[in-house]
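Being a predicted model, the structure only gives us computed values, none of them experimental.
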Amino acid sequence: YQFVKSWSIAGIPKENIGEATNLLFAWLTSSKTNVSTKTHAMQNLYNLSKEYPDLKNELKSSIENQLDKTSISFRTRATKILAELKKPPL
C-alpha cells in the first residue's frame with residue numbers, strides 16, 4: 001500500500017513504469033486488495049494514461065468491472081475518472 005500511496009504523491013520513476021503499471025492493474029482488479037489501495041491504484045493508472053493513452057481502454061474496462069464490487073468512496077472516484085477517460089482528446 002505504501003508504494004501506491006507514494007506514487008500518488010511523487011509519481012512513478014520512469015525506469016519502473018512497466019512493472020508499476022502491471023502491479024497497479026493487479027491491485028485494482030484483485031478481490032484481495034483493500035479499497036484504499038484500489039483507489040490509489042486507479043488514480044495512478046489514470047495519471048499514467050495521460051502520458052500513455054494506450055492504457056485508457058484497459059483502465060476503463062478494469063474500473064467498470066470493479067464498480068459493483070467496491071465501496072461508495074471507490075465508486076465516487078471511479079465515476080469521475082471514467083468521465084475523464086470518456087472525454088475526447090484535445
Side-chain angles (χ1 to χ4, degrees):
Y1 170 70
Q2 291 303 321
F3 281 114
V4 74
K5 190 173 181 181
S6 298
W7 289 339
S8 291
I9 297 166
I12 299 169
K14 293 276 185 204
E15 64 272 11
N16 300 112
I17 296 285
E19 290 177 65
T21 300
N22 291 336
L23 187 55
L24 291 166
F25 272 114
W27 284 335
L28 177 59
T29 59
S30 173
S31 62
K32 296 179 181 179
T33 304
N34 70 49
V35 174
S36 180
T37 301
K38 282 179 181 277
T39 303
H40 282 292
M42 176 176 54
Q43 184 65 54
N44 276 298
L45 287 164
Y46 171 66
N47 294 344
L48 284 171
S49 76
K50 293 175 188 176
E51 190 171 344
Y52 304 97
D54 292 349
L55 296 174
K56 288 183 179 185
N57 287 334
E58 185 177 355
L59 180 55
K60 273 193 261 186
S61 176
S62 297
I63 292 171
E64 289 167 348
N65 187 38
Q66 292 297 310
L67 286 175
D68 63 342
K69 302 173 185 173
T70 53
S71 70
I72 292 172
S73 63
F74 177 91
R75 288 192 297 268
T76 300
R77 176 76 63 90
T79 302
K80 290 176 184 176
I81 289 175
L82 284 172
E84 289 297 317
L85 288 171
K86 291 176 182 176
K87 285 183 180 177
L90 298 175

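Residue Trp27 holds its CH2 atom at 7.0 Å from OG1 of Thr37, rounded to the nearest 0.5 Å. The distance from atom CE of Met42 to atom OG1 of Thr70, rounded to the nearest 0.5 Å, is 7.5 Å. Here the OG atom belonging to Ser71 is positioned 6.5 Å from the CZ atom belonging to Arg75, to the nearest 0.5 angstrom.
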May I have the list of side-chain donor-acceptor pairs in residues 54-68 shorter than 3.5 Å, sequence neighbours left out?
{"residue": "Ser62", "atom": "OG", "partner": "Glu58", "partner atom": "O", "Å": "2.9"}
{"residue": "Asn65", "atom": "OD1", "partner": "Lys69", "partner atom": "NZ", "Å": "3.4"}
{"residue": "Gln66", "atom": "OE1", "partner": "Lys38", "partner atom": "NZ", "Å": "2.8"}

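Remark: Arg77 pairs with Gln43 by the side-chain hydrogen bond (donor to acceptor under 3.5 Å, both in side chains) rule, at least two apart or across chains. Contacts of Lys14 classified as salt bridge (Lys or Arg N to Asp or Glu O under 4.0 Å), with partners at least two apart in sequence or in another chain: Glu51. With sequence neighbours excluded, no residue forms a side-chain hydrogen bond (donor to acceptor under 3.5 Å, both in side chains) with Thr76.
Using modelled atom types, no side-chain atom of Asn16 and backbone atom of Glu19 make a donor-acceptor pair closer than 3.5 Å. A donor-acceptor distance shorter than 3.5 angstrom exists from the side chain of Thr21 to the backbone of Ile17, with no hydrogens or angles considered.
Among residues at least two apart or in separate chains, side chain to side chain donor-acceptor pair (under 3.5 Å) pairs with a member in residues 79-90 are Glu84-Lys87.
At least one side-chain heavy atom of Phe74 sits under 4.5 Å from a side-chain heavy atom of Leu28.
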